[in-house]
Amino acid sequence: MAKLLHALSIKNVTADSADLYITGEILDDSYKNWFSQDAQPVGYVFPADVKAALSELEDKNLTIYINSGGGDVMAGVGIANMIKRHKCD
């Protein structure tokens, strides 16, 4: 079953692997405050959400698919660094 967090989804989870899809515009976490508490921002990926997903998948090998139209460069660098630090392949 796919888990959707904005434009970030986790699919094909097995005992030792999972697929992580990043498909939205990448924004800095500070932009989350622009959205109301009731309205979930759709179509955006935030570093905090990627960090939470990676924590959930910390013991799994990942295949990561990125299809983003762009966004905040520093937020993207932060996400790339989180992916590099992931302890599995």
Side-chain angles (χ1 to χ4, degrees):
M1 171 171 260
K3 179 179 180 182
L4 182 64
L5 295 171
H6 317 297
L8 174 72
S9 59
I10 300 168
K11 298 180 182 179
N12 304 321
V13 178
T14 67
D16 61 349
S17 67
D19 295 341
L20 180 65
Y21 290 81
I22 299 172
T23 59
E25 184 177 349
I26 297 171
L27 295 179
D28 186 77
D29 289 327
S30 64
Y31 285 98
K32 285 181 111 173
N33 297 329
W34 288 18
F35 299 98
S36 73
Q37 296 288 13
D38 298 329
Q40 289 290 334
V42 177
Y44 303 104
V45 176
F46 300 97
D49 296 333
V50 174
K51 183 177 181 180
L54 290 173
S55 293
E56 182 179 324
L57 302 169
E58 69 183 349
D59 60 340
K60 300 189 184 309
N61 294 321
L62 297 178
T63 301
I64 301 173
Y65 301 89
I66 301 173
N67 187 16
S68 172
D72 184 276
V73 172
M74 295 311 296
V77 169
I79 290 171
N81 288 334
M82 285 185 249
I83 292 169
K84 284 181 186 178
R85 288 191 304 265
H86 186 72
K87 68 179 181 178
C88 294
D89 292 335

Verify, without hydrogens or angle tests, whether Lys11 (side chain) and Leu20 (backbone) share a donor-acceptor contact under 3.5 angstrom. no
Closest non-hydrogen atom pair between Lys60 and Cys88, with its separation: O-CB, 3.2 Å
Has the side chain of Thr23 got a donor or acceptor atom that lies under 3.5 Å from a matching backbone atom of Asn67? no
Say you draw a straight line from CG of Asp19 to CD1 of Ile64; how long is it, rounded to the nearest 0.5 Å? 9.5 Å
Can you get from Val77 to Leu27 by hopping between Ile, Leu, Val, Met, Phe, Trp and Tyr side chains that sit under 4.5 Å apart? no
Indicate, with yes or no, if Ile66 and Tyr21 share a hydrophobic cluster defined by side-chain heavy-atom contacts under 4.5 Å among Ile, Leu, Val, Met, Phe, Trp and Tyr. no
Give the intermediate values and the outcome of side-chain contact (heavy atoms from CB on, under 4.5 Å) for residues Tyr44 and Tyr31. CA-CA 10 Å; Tyr44 303 104; Tyr31 285 98; over 6 Å; no
Crowded around Asp89 CG? As in, over 12 foreign heavy atoms under 6.0 Å? no
Show the numbers, then the answer: is there a side-chain hydrogen bond (donor to acceptor under 3.5 Å, both in side chains) between Asp16 and Thr14? CA-CA 5 Å; Asp16 61 349; Thr14 67; 3.3 Å; yes
What are the two closest heavy atoms between Glu56 and Ile10, and how far apart are they? OE2-CD1, 4.0 Å
Report yes if the side chains of Met82 and Pro47 come closer than 4.5 Å at any heavy-atom pair, otherwise no. yes
Is the backbone of Ser55 close enough, under 3.5 Å, to the side chain of His86 for a donor and an acceptor to pair up by distance? no
Please answer: with hydrophobic residues joined when any side-chain heavy atoms are less than 4.5 Å apart, are Leu8 and Tyr65 in the same cluster? no
Treat each ILVMFWY residue as a node, draw an edge where side-chain heavy atoms are under 4.5 Å apart, and state whether Leu57 and Val45 are in one component. yes
Nearest 0.5 angstrom please: Asp72 CG to Glu25 CD, how far? 9.0 Å
Main-chain N/O of Ala75 paired with Asp28 side-chain donor or acceptor, under 3.5 Å: no
Search all heavy atoms of Leu54 against all heavy atoms of Leu62 and return the closest pair with its distance. CD2-CD1, 3.5 Å
